[in-house]
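Everything below concerns the one structure shown next.
Residue numbers count from 1 along this sequence.
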Amino acid sequence: MKSKLQVMKFGGTSVGDAACIARAAQIVAQAARENAVVAVVSAMSSVTNRLVDAAKHAAGGDGRAGVALIAALRQQHEDALATLVRAENARAEVAGRIEKTLAEGQRLFDGTALLRELTPRALDNISSLGERLCAPIFASAVSELGVKSVPVDATELILTDSYHGGAEPLMEPTRKRCEALLRPMLKDETVPVATGFIGATREGALTTLGRGGSDYSATILGAVLDADEVIIWTDVDGVLTADPRLVPDARIIPEISYREAAELAYFGAKVLHPKTLRAVLPAGIPVWIRNSFAPERPGTKISQEGRSIGGGVKALTAIRDVALISIGGPGIVGVPDVVGRTFSTTAELRANVLLISQSSSQNDICFIVAAADAQRTVEALRREFAQDLSHEVVDHITLDPKIAVVAVVGENMRGTRGVAGRTFAAMGRDNVNIIAIAQGSSETNISFVVEDGAMKQALLSAHREFGLGDSASNREQRAEFQDVREVT
Ligand code: ASP
Ligand code: MG
């Protein structure tokens, strides 16, 4: 058996059409000549979104919902199959699987339309179809290259709780399943191609890990199989110092820590599903982000240690679709339970709170929630504090949707003096007005709230201040990075 084990995940754009799947299959086949490889695939790009949309139409009672989509998916997947797989038998077998999955899909749409109800469980089943269509095609594309490969439904591998739409894996039973099912394949030098994104409860009900969850699938499998590394193949070169659409001189970071990557994911940098690193953290398995369209580039390595660079600031990120809620008034000074009641309310709503800030005079608490949660959070708070509002203990509960949160992230900011000072001095110099500030005691990020229109400037200013786009340090890091790649 090959000694090194790699888990490789290919995202939607990396399996977007026949040419992309061919490229991805090449990457797998090449790696499999040296290492044991488990592949994990997403649905072809946009398929999951289209499935979810059609499911919602069906729930509205549209009896024809899904018909056009199923036909389009048949066309799309059969086209890819025809281009990728020459062997008649293999092609017929995969075509048969595609038909079966599509027929199941149509029944799910019909059932949903009939009941005019879309339960989380039915939505999970419908949204899983894309991965289940893609994996068999991918496996046969790898086989075409002379490397044995079989598709595996992750419902057989990843056991989860029953929280549909965002299930959590049960690691021990998952480990047993994977040992029983995948290990013999690896011994036989066969590449299993698992469907990303999905799992199943102990009772066998299909679940999903949440949108974008294939990354998480890959690290779950990597962890239970004790892989040497997990590689997330995507359509960007790695983790960047900032969003290049906003900051033109943003560049690739060669190596970052789990914590920094998690911080970036949490604040909206769309490189990783936020839960991805949880699975590999205990065992310290490195995760690479690499570009399947440019596999010669080294990508970003996410590891336990990361590597310190310069002043400790590694990257910037920002989120826009959030809102600022503030609750206060001079009357709340000394009312001990305002904070408790505020956050019990958000917890009850399962609203995602991203940042909290309270002034020491205590007359204002403000926090940030996802825009989607904003309105109902404010309404719930107004109910909770109805009495206090009428007695003017609380004089305002307001919502400001026109804001953005900017986060300055870097593990080595801890103990580095002056990062906050430099950040805010830069904002002052460039006329960026700051609405609220928070720094976690972990000191891995400083985040602050600005007006929506000032977000880009805030990013540009901080990027310049910390020399993140600086080409000299860029060259230096690239040189250092080469060394690292050689020893790993
Ligand atoms: N196909 C799923 C989604 O679009 C999972 C993934 O791509 O990671 O959310
Ligand atoms: Mg994705």
Side-chain angles (χ1 to χ4, degrees), residues 7-29 32 37-48 50-51 69-108 125-158 177-178 181-182 184-186 188-200 206 208 214 217-218 221 233 292:
V7 175
M8 295 191 167
K9 177 256 173 176
F10 294 88
T13 49
S14 298
V15 293
D17 59 22
C20 296
I21 297 178
R23 211 175 289 122
Q26 274 289 357
I27 293 174
V28 169
V37 177
V38 174
V40 176
V41 293
S42 289
M44 292 173 82
S45 53
S46 88
V47 168
T48 316
R50 285 149 72 204
L51 286 164
L69 176 59
I70 294 282
L73 292 179
R74 177 176 295 114
Q75 188 74 52
Q76 182 180 0
H77 289 82
E78 281 183 354
D79 283 352
L81 180 64
T83 314
L84 289 161
V85 182
R86 297 227 164 69
E88 277 293 336
N89 289 349
R91 198 156 71 199
E93 206 221 300
V94 177
R97 268 180 179 258
I98 293 178
E99 263 330 299
K100 247 178 98 185
T101 306
L102 291 173
E104 186 186 325
Q106 191 59 62
R107 285 199 302 281
L108 286 163
N125 274 279
I126 291 174
S127 27
S128 76
L129 296 168
E131 273 71 10
R132 292 163 58 206
L133 290 167
C134 182
I137 300 176
F138 193 100
S140 54
V142 174
S143 302
E144 281 273 315
L145 301 172
V147 172
K148 283 183 283 183
S149 180
V150 290
V152 184
D153 214 315
T155 51
E156 305 291 323
L157 301 175
I158 298 183
R177 292 262 182 124
C178 290
L181 224 87
L182 299 182
M185 293 180 188
L186 297 173
D188 182 43
E189 306 209 337
T190 297
V191 175
V193 177
T195 52
F197 181 47
I198 63 186
L206 185 146
T208 64
S214 302
S217 307
L221 295 181
W233 290 98
S292 70

Can you give the donor-acceptor pairs under 3.5 Å from side chains of residues 146-156 to other protein atoms, not counting sequence neighbours?
| unit_1 | atom_1 | unit_2 | atom_2 | d |
| --- | --- | --- | --- | --- |
| K148 | NZ | D188 | O | 3.0 |
| K148 | NZ | D188 | OD1 | 3.2 |
| S149 | OG | V191 | O | 2.9 |
| D153 | OD1 | T155 | OG1 | 3.3 |

Plane angle bin for F10 and W233 - parallel if under 30°, tilted between 30 and 60°, otherwise perpendicular: parallel
Residues R107 and E104 bridged, charged N to O under 4.0 Å: no
Side-chain heavy-atom pair Q26, R23 within 4.5 angstrom cut-off: no
Close side-chain approach of E99 to H77, heavy-atom, < 4.5 Å: no
Where V85 and S140 come nearest, the two heavy atoms and their spacing: CG2-OG, 3.3 Å
Gap between atom OG of S217 and atom NZ of K9 - 0.5 Å precision: 8.5 Å
P136 side chain near I98 side chain, heavy-atom distance below 4.5 Å: no
Donor-acceptor side-chain pairing of D79 and Q75 below 3.5 angstrom: yes
Nearest heavy-atom neighbours spanning L157 and A194: CD1-CB, 3.9 Å
Worked verdict on L221 versus I158 for side chain to side chain contact (heavy atoms under 4.5 Å, CB included): CA-CA 8 Å; L221 295 181; I158 298 183; 4.0 Å; yes
Pairs touching residues 136-145 that satisfy salt bridge (charged side-chain N to carboxylate O under 4.0 Å, His left out), sequence neighbours left out: none
Donor-acceptor pair, side chain of E131 and main chain of S42, under 3.5 angstrom: no
Any side-chain heavy-atom pair of S292 and T13 under 4.5 Å: no
Pairwise distance CZ(R50) to CD1(I126) - rounded to 0.5 angstrom: 14.5 Å
Distance (rounded to the nearest 0.5 Å) between T101 OG1 and R74 CZ: 11.0 Å
For A43 against T48, the heavy-atom pair lying closest together: CB-OG1, 3.5 Å
Candidate pair L133 and L102, rule side chain to side chain contact (heavy atoms under 4.5 Å, CB included), full reasoning: CA-CA 8 Å; L133 290 167; L102 291 173; 4.0 Å; yes
T208 versus S127, closest heavy-atom pair with distance: CG2-OG, 4.5 Å
Results of ring-ring contact (aromatic ring centres under 6.0 Å, His included) for F197 - residues two or more places apart only: none
Sub-4.5 Å side-chain heavy-atom contact between L73 and L51: yes
Closest non-hydrogen atom pair between M44 and A80, with its separation: CE-CB, 4.3 Å
Shortest non-hydrogen separation from L206 to S128 and the atoms involved: CD1-OG, 3.6 Å
